[in-house]
Amino acid sequence: MLPDQEAFFNFASMEKVAFIINPFSAKKNYQPFLNELKTKVNNPLYYVSESIPGTDEFIQSHFEEVDIFVAIGGDGTISTVAKNLINTEKILAIFPAGSGNGFSNETQFSKNLDELLEKIKVKNSRKIDTFTVNDRLSINVSGTGFDGKVVKEFEKTTRGFKNYIKVSLKTFFNYKPIKVKFFDEEYQQYNGRYLMMNIANTRQFGNNAYIAPKASKSDGLVDMVLVKKFPLTYSALFAFRMFTKRLKDDDYVTYLPVSEISFKVNTKNWHLDGEFNKIKSPIHVKVQPSSLSILI
């Protein structure tokens, strides 16, 4: 980095920026990031999060003087920061440090601090959609059924992609489909039993697994993805299509683009942006168009 650039980062760019670090992300190895940040930014404003309420309190206490809040963590961390910025002019930035990093992949943030600091210097942003599940915020992909159960079991491990695959395979063979019943007449033809139901604001879960390859985070819609339990002979094709952005409507997968929808499902196990939640039916999903400012 050139000396004049570094001086700019130290004195001009960082005055209205706060960094929020989830110490449990990236296998609890956040110290290298913090050390690098301190070498490139003079006296950075940062918070090593102890809890979600602690993060909320930090953001609110610095809300007036900070323009850009940087989330260092995975999709759950990003969502926690984002919920404080919804429908404001405050800007969300990201340094990905999670196990899947789906949302940061979809918003073009990398694990390169110099690139992030350059974006902060320019300070360009755009508005994107978010959505709620019974008034709980989601920014990326949320769901119930098989993947809700997987997330519950995955949180018992040390995380990582290999553990996610192991948990997914073990869960698949034992999992009984969920039963979904829609309230709106136009969707009642889709009532039935499903392996999983996902609500996608962006295209991927994380780790480049594209559950909704046509989803857009700025069209005022989410893609509801209904996946029937499929035979073992279909699993390789499903995985191939998911990792190559080729999943589409077929005998086992149905896509419903919606802005708002209500239904019942016979499980309380959900994941919201990869974080396990208990949510009781009836379920109401609603898109919040152009509700979050993202650094670009």
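Throughout, numbering of the chain's residues begins at 1 and tracks the sequence. Just so we're clear, the structure is a prediction, and the values are computed from it rather than from any experiment.
With respect to K16 and E65, no salt bridge is recorded, no charged nitrogen being found less than 4.0 Å from a carboxylate O. By the 4.0 Å N-to-carboxylate-O rule, R203 lies too far from D223 to be salt-bridged with it. The pair K40-E36 meets the salt-bridge criterion, with a side-chain N (NZ, NE, NH1 or NH2) lying under 4.0 Å from an Asp/Glu carboxylate O. Checked for salt-bridge contact, D251 and K228 miss the test: no charged N lies under 4.0 Å from a carboxylate O. Between D250 and R241 there is a salt bridge, with a side-chain nitrogen of the basic residue lying less than 4.0 Å from a carboxylate oxygen of the acidic one. Residues K123 and E118 are not paired through a salt bridge, judged by the lack of any N-O separation under 4.0 Å between the basic side chain and the carboxylate.
No side-chain heavy atom of K280 sits less than 4.5 Å from a side-chain heavy atom of W270. Counting heavy atoms from C-beta on, the side chains of L195 and P177 never come closer than 4.5 Å.
For the pair P257 and Y187, the tightest heavy-atom approach, listed with the atom from each and the gap, is O-OH, 4.4 Å. The heavy-atom pair separating F146 from M196 by the smallest distance is N-CB, 3.8 Å. For F238 against I211, the heavy-atom pair with the smallest separation is CZ-CD1, 4.3 Å. Residues V287 and V258 come closest through the heavy atom pair CG2-O, 3.8 Å. Between F131 and V222, the shortest heavy-atom contact is CD2-CG1, 3.7 Å. Closest of all the heavy-atom pairs between G73 and S25 is CA-OG, 3.5 Å.
Hydrophobic clustering (side-chain heavy atoms under 4.5 Å, transitive across Ile, Leu, Val, Met, Phe, Trp, Tyr) keeps I52 apart from Y46. Note: the hydrophobic cluster containing L226 also contains F205 (ILVMFWY, side chain heavy atoms under 4.5 Å, direct or indirect links). Residues F63 and I86 share a single hydrophobic cluster, defined by chaining ILVMFWY side chains whose heavy atoms lie under 4.5 Å apart. Y194 and F183 fall into different hydrophobic clusters, where Ile, Leu, Val, Met, Phe, Trp and Tyr residues are linked whenever their side-chain heavy atoms come under 4.5 Å apart, directly or through other members. A single hydrophobic cluster is not seen to contain both F182 and L221; linkage of ILVMFWY side chains at heavy-atom distances under 4.5 Å, directly or through other members, places them apart.
The 12-atom threshold is exceeded at CG of L237, counting heavy atoms of other residues, nucleotides or ligands nearer than 6.0 Å. The number of heavy atoms from other shown groups lying within 6.0 Å of CD (E260) is above 12. Annotation for N35: atom CG counts as buried by contact number, over 12 foreign heavy atoms lying within 6.0 Å. Within a 6.0 Å sphere centred on CD of Q60, other residues, nucleotides and ligands contribute more than 12 heavy atoms. Counted within 6.0 Å of NZ on K127, heavy atoms from surrounding residues, nucleotides or ligands total more than 12; the atom is thus considered enclosed. For K248, the NZ atom is loosely surrounded, since the number of other residues' heavy atoms within 6.0 Å does not exceed 12. For Q189, the CD atom sits in a packed shell: over 12 heavy atoms of surrounding residues, nucleotides or ligands are nearer than 6.0 Å.
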Practice task
May I have the step-by-step check of side chain to side chain donor-acceptor pair (under 3.5 Å) for N140 and E106, ending in yes or no?
Solution key: CA-CA 9 Å; N140 194 54; E106 291 293 285; over 6 Å; no
Exercise for the section: I would like to know whether S291 and D129 meet side-chain contact (heavy atoms from CB on, under 4.5 Å); could you show each step before the answer? Expected result: CA-CA 5 Å; S291 54; D129 303 335; 5.5 Å; no
Practice task
Show your working on side-chain contact (heavy atoms from CB on, under 4.5 Å) between K229 and K176 and close with a plain yes or no.
Solution key: CA-CA 9 Å; K229 190 160 187 179; K176 294 180 180 179; over 6 Å; no
Exercise for the section: Start with the C-alpha gap between S79 and L137, add the side-chain angles, then the distance that decides, and say whether side-chain contact (heavy atoms from CB on, under 4.5 Å) holds. Expected result: CA-CA 7 Å; S79 186; L137 178 70; 4.2 Å; yes
Practice task
Would you sort out whether T202 and V141 count as a side-chain contact (heavy atoms from CB on, under 4.5 Å), showing the intermediate values?
Solution key: CA-CA 7 Å; T202 75; V141 178; 4.2 Å; yes
Problem - Verdict with supporting geometry, S142 and R136, side chain to side chain donor-acceptor pair (under 3.5 Å) - result: CA-CA 11 Å; S142 294; R136 302 188 197 190; over 6 Å; no
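Remark: I279 CD1 to H271 NE2 distance equals 10.0 Å, nearest 0.5 Å. Note that CG of N266 is 7.0 Å distant from CD1 of I178, once rounded to the nearest 0.5 Å. Atom CD1 of I59 is separated from atom CG of N84 by 4.0 Å, given to the nearest 0.5 angstrom. With rounding to the nearest 0.5 angstrom, the CG atom of N201 is 6.5 Å from the CD1 atom of I128. Atom OG1 of T132 sits about 13.5 Å away from atom CD1 of I139, to the nearest 0.5 Å. The distance from the OG atom of S293 to the CG atom of L85 is 8.5 Å, given to the nearest 0.5 Å.
A donor-acceptor contact shorter than 3.5 Å is absent between the side chain of E50 and the backbone of G54. Side-chain N or O atoms of T80 include one that pairs as donor or acceptor with a backbone N or O of G76 at under 3.5 Å. Within the 3.5 Å criterion, the main-chain N or O of F24 finds a donor-acceptor partner in the side chain of N22. A donor-acceptor pair under 3.5 Å is absent between the side-chain atoms of N198 and the main chain of A200, judged by distance alone. Side chain of K38 to backbone of P44: no donor-acceptor contact under 3.5 angstrom is found.
Cation-pi geometry between K217 and F103 is not satisfied (NZ or CZ under 6.0 Å from the ring centre, within 45° of the ring normal).
Aromatic ring orientation, F230 versus Y252: perpendicular (interplanar angle above 60°, classes split at 30° and 60°). Classification of the Y47-F58 ring pair by plane angle, with boundaries at 30° and 60°, yields parallel.
A side-chain donor from one of T55 and S49 sits under 3.5 Å from a side-chain acceptor of the other.
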